[in-house]
4 protein chains.
Amino acid sequence: MASNNKTHQNIVDASYKLFSEYGFDKTSLSMIAAEVGITKPAIYYHFASKEALIDYLFEDSFKDYHFEAYFTIDEFTSINFQEMLIENGLRILLLEDEDDSVMRILNEFLLTITRNENYHKRLLQMQEDFLNGFSELLEKGVTLGVVSPMNITARAHVLAMVFDNISSYMLMGLKLDYRLIWIEAVNNAIR
Amino acid sequence: MASNNKTHQNIVDASYKLFSEYGFDKTSLSMIAAEVGITKPAIYYHFASKEALIDYLFEDSFKDYHFEAYFTIDEFTSINFQEMLIENGLRILLLEDEDDSVMRILNEFLLTITRNENYHKRLLQMQEDFLNGFSELLEKGVTLGVVSPMNITARAHVLAMVFDNISSYMLMGLKLDYRLIWIEAVNNAIR
Amino acid sequence: MASNNKTHQNIVDASYKLFSEYGFDKTSLSMIAAEVGITKPAIYYHFASKEALIDYLFEDSFKDYHFEAYFTIDEFTSINFQEMLIENGLRILLLEDEDDSVMRILNEFLLTITRNENYHKRLLQMQEDFLNGFSELLEKGVTLGVVSPMNITARAHVLAMVFDNISSYMLMGLKLDYRLIWIEAVNNAIR
Amino acid sequence: MASNNKTHQNIVDASYKLFSEYGFDKTSLSMIAAEVGITKPAIYYHFASKEALIDYLFEDSFKDYHFEAYFTIDEFTSINFQEMLIENGLRILLLEDEDDSVMRILNEFLLTITRNENYHKRLLQMQEDFLNGFSELLEKGVTLGVVSPMNITARAHVLAMVFDNISSYMLMGLKLDYRLIWIEAVNNAIR
DNA sequence: GATGAATGAGCATTCATTCAT
DNA sequence: GATGAATGAATGCTCATTCAT
């Protein structure tokens with residue numbers, strides 16, 4: 001699909017940086033070309049259009065954002081269940097160290113999504129991946145006898161919402177004790 | 001300050017509609033003028049600039065979005081605490097009936113915010129208003145003897161996150177049992 | 001011709017100030033209205049158009065700029081001729097103290113003039129008024145026996161040019177010994 | 001720096017023509033584009049902005065307007081001094097044949113200058129170049145024993161003013177015997 | 001693989017002017 | 001005498017895109 005050429009990657013990198021800083025609309029191909037150090041038409045050699053470039057970033061940025069990347073469900077046992085759930089979830093905090101770019105652009109997509117069919121479906125799937133992931137996980141907990149079977153779907157969803165919002169709040173710069181929040185949420189979920 | 005003129009309101013209405021549909025950047029003043037049925041310069045008679053128009057919408061759309069508009073803390077008693085917390089919170093579901101515009105534009109601001117100092121501060125304050133609101137509420141619950149005093153801050157924050165995300169998920173079109181989710185979250189919080 | 005109303009004069013004053021500072025094109029009626037503290041359409045009550053306002057200023061600002069306002073030819077005698085010519089001419093230096101506005105706007109007209117038939121004629125007349133004035137003056141000097149008759153036209157023109165340029169150079173901010181320059185020019189002219 | 005492209009020069013030529021005819025403000029980029037036969041954005045390929053285009057013309061039009069372009073001081077001797085001064089100075093009359101554009105635009109700058117720091121300095125320098133040039137020239141005349149040493153600065157300045165005004169008056173369309181005027185001025189200066 | 005040159009479409013903004021009140 | 005509201009026309013500028021080289 002993509003030419004595995006250096007310029008190609010430079011364009012992608014510059015795009016992440018600029019799109020996340022200024023948004024899709026306020027970032028022009030000129031800006032990207034300037035950042036890369038090439039001319040505008042050169043971008044067209046690598047991407048058919050601005051939209052195609054954005055599409056590429058969409059695929060690229062979400063390819064690792066799925067439930068199993070965070071929660072390794074197979075490793076959960078009746079003994080380590082609570083601990084695993086807490087530790088796995090706290091991986092989300094690592095985003096803080098990471099480059100803001102991916103988070104910001106992810107958010108950019110979230111907005112674009114409400115208007116763009118293409119992305120909308122894909123994002124709903126992702127969101128549901130997490131909702132289902134937490135549901136399955138809790139169900140496994142029930143099977144293992146470490147999670148109460150009552151309202152597990154609702155509890156899984158609460159968990160998913162908290163997990164989701166931790167990254168949002170971090171992105172916005174709110175300084176909260178996310179660690180404690182997550183632990184509290186987990187404890188409620190498996191209680 | 002605002003002319004109490006009909007055109008003024010028409011511009012505001014059209015702006016809500018178009019901005020929420022296409023976003024700030026992709027909505028031009030021409031589009032707004034066309035929607036209202038006036039000429040572009042007429043907008044400038046009512047708003048100094050596109051930015052000023054957006055600012056106006058910002059103030060306008062957030063003026064009723066604060067904790068006390070949802071949670072009437074004074075009416076909470078030891079007897080009705082749980083029930084009130086649940087019922088008050090479920091008001092968020094009413095957004096579903098309401099015009100999407102306000103929600104969408106609210107989201108638009110959320111994105112714009114990461115890049116715009118002006119809005120950023122204001123939104124953080126709003127977010128903190130809710131975080132603090134839930135904290136105070138739970139503290140009152142502790143005083144009333146209906147809420148466990150353990151980790152109340154973390155629990156308040158979990159509650160705030162769930163509350164916050166319910167509107168986001170609704171906006172995205174996810175069909176979940178928000179009622180049950182909220183009840184579950186409340187029960188965990190006051191347990 | 002003009003309504004002898006206060007607002008009328010305020011508009012004229014504001015126009016002098018703003019036109020001289022920003023030029024005709026870059027000064028809008030809005031700016032003038034704002035400076036006066038009235039609304040734009042109010043200007044139209046006093047002046048039919050922007051052009052009419054400028055015309056008015058043109059007439060107004062040049063009405064006192066003619067040779068006889070500086071050189072009182074009748075008072076020149078064989079005894080005081082040189083002294084009078086010097087002293088009268090030095091009046092031009094007083095412009096320095098005066099508000100820059102008039103000089104600046106005069107210059108603005110000078111430019112506009114090359115493009116506008118209306119003003120062009122009028123300004124040529126003014127220029128010629130000075131050229132002729134100096135010629136007559138020197139001729140009188142010849143009659144009085146205090147000025148050499150050779151090339152008096154050319155010498156009058158030299159004098160006019162120096163006189164003219166003194167104001168230009170002052171306007172531009174050049175710091176020269178204009179006094180000495182004028183005396184030198186006069187001495188050459190009547191030698 | 002400048003693309004050695006034909007269009008570039010066409011833009012410059014059209015700009016000279018139109019700016020000198022209508023002034024900077026009343027000449028729009030559309031007009032220039034139409035005159036050249038290209039589209040507006042094409043101008044932006046060659047000049048970053050309207051201001052940048054004007055700057056370019058400023059540099060371009062003044063690059064040959066300095067004292068030494070008219071007066072070849074080294075060739076002045078005690079024998080040819082008067083003759084050289086006259087002949088060299090009369091070169092200014094050649095401007096008459098030349099395209100008005102340059103003179104007109106030069107005048108346009110003169111006005112712009114009173115408001116624009118950038119140009120102001122540069123023009124003052126040019127003016128001073130001539131003032132100093134004439135001073136040096138007369139000083140050389142003194143050294144050569146062909147010019148009286150009295151008030152040479154004032155006399156040099158008178159000369160500069162006459163020289164300067166000859167072009168202005170020609171531009172305005174005044175028909176004078178500039179030849180005789182200049183000769184007279186020179187004779188007075190070296191007398 | 002990439003550039004120079006150019007274009008069509010569009011945008012936010014400003015301005016002189018008008019007119020009913 | 002003056003204002004509120006609006007307009008038509010224009011302006012400088014930007015952008016995504018194209019295409020011959």
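Numbers restart at 1 for each chain; the letters A, B, ... are given by sequence-line order, proteins then strands.
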Can you see if the side chain of [X] gets near the phosphate of [N] - specifically, an N or O under 4.0 Å from OP1 or OP2?
{"X": "D:H46", "N": "E:dG4", "answer": "no"}
{"X": "C:S49", "N": "E:dA16", "answer": "no"}
{"X": "D:H8", "N": "E:dA5", "answer": "no"}

Picking from [options], which would you name as closest to the side chain of [X]?
{"X": "D:K50", "options": "F:dG12, E:dA6, E:dT13", "answer": "F:dG12"}
{"X": "C:T39", "options": "F:dA6, F:dT3, E:dG4", "answer": "F:dT3"}
{"X": "C:N5", "options": "F:dG1, E:dA5, E:dT7", "answer": "F:dG1"}

Short heteroatom pairs, N/O only, protein and nucleotides 18-21 of chain F, under 3.5 Å:
none

Notebook entry, point to check: Can you check whether C:S61's main-chain N or O pairs, donor with acceptor, with C:Y16's side chain at less than 3.5 Å?
Noted result: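 Indeed, once roles are kept as given, a pair shorter than 3.5 Å links the two residues.
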Item checked: Separation between the P atoms of F:dT21 and E:dG1, rounded to whole Å ->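 Their P atoms lie roughly 23 Å apart.
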Check: Taking side chain as C-beta onward, heavy atoms only, is A:Y56 less than 4.5 Å from A:H8?
Finding: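 Yes - at least one pair of side-chain heavy atoms lies under 4.5 Å apart.
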Notebook entry, point to check: Where each residue is assigned the nucleotide of DNA chain E containing its nearest heavy atom, which of D:T7 and B:E51 is assigned the position nearer the 5′ end?
Noted result: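 Upstream on the strand: D:T7.
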Next item on the list: May I ask you to decide if the ring planes of D:F58 and D:F62 are parallel, tilted or perpendicular, using 30° and 60° as cut-offs?
Entry: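 The rings of D:F58 and D:F62 stand perpendicular, inter-plane angle above 60°.
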Next item on the list: Return the set of residues passing ring-ring contact (aromatic ring centres under 6.0 Å, His included) with B:Y44 (not counting sequence neighbours), or none when no residue passes.
Entry: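 Partners of B:Y44 under the ring-ring contact (aromatic ring centres under 6.0 Å, His included) test: none.
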Item checked: salt bridge (Lys or Arg N to Asp or Glu O under 4.0 Å) contacts in which one or both residues fall within residues 49-59 of chain D, not counting sequence neighbours ->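 Every salt bridge (Lys or Arg N to Asp or Glu O under 4.0 Å) pair that includes a residue of residues 49-59 of chain D, provided the two are not neighbours, is D:E59-D:R122.
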Exercise answer: donor-acceptor pairs, residues 28-42 of chain D side-chain atoms, under 3.5 Å, sequence neighbours excluded:
{"from": "D:S28", "atom 1": "OG", "to": "D:S30", "atom 2": "N", "distance (Å)": "3.4"}
{"from": "D:S28", "atom 1": "OG", "to": "D:M31", "atom 2": "N", "distance (Å)": "3.2"}
{"from": "D:E35", "atom 1": "OE2", "to": "D:K17", "atom 2": "NZ", "distance (Å)": "2.8"}

Item checked: All stems with DNA chain F, defined as three or more consecutive Watson-Crick or G-U pairs under 3.5 Å ->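 Counting only runs of 3 or more consecutive pairs, the stems involving DNA chain F are E:2-21 with F:2-21.
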Item checked: Proximity to DNA chain E (any heavy atom under 4.0 Å), residues of residues 25-35 of chain C only ->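 Residues of residues 25-35 of chain C that come under 4.0 Å of DNA chain E are, in numerical order, C:T27, C:S28, C:L29.
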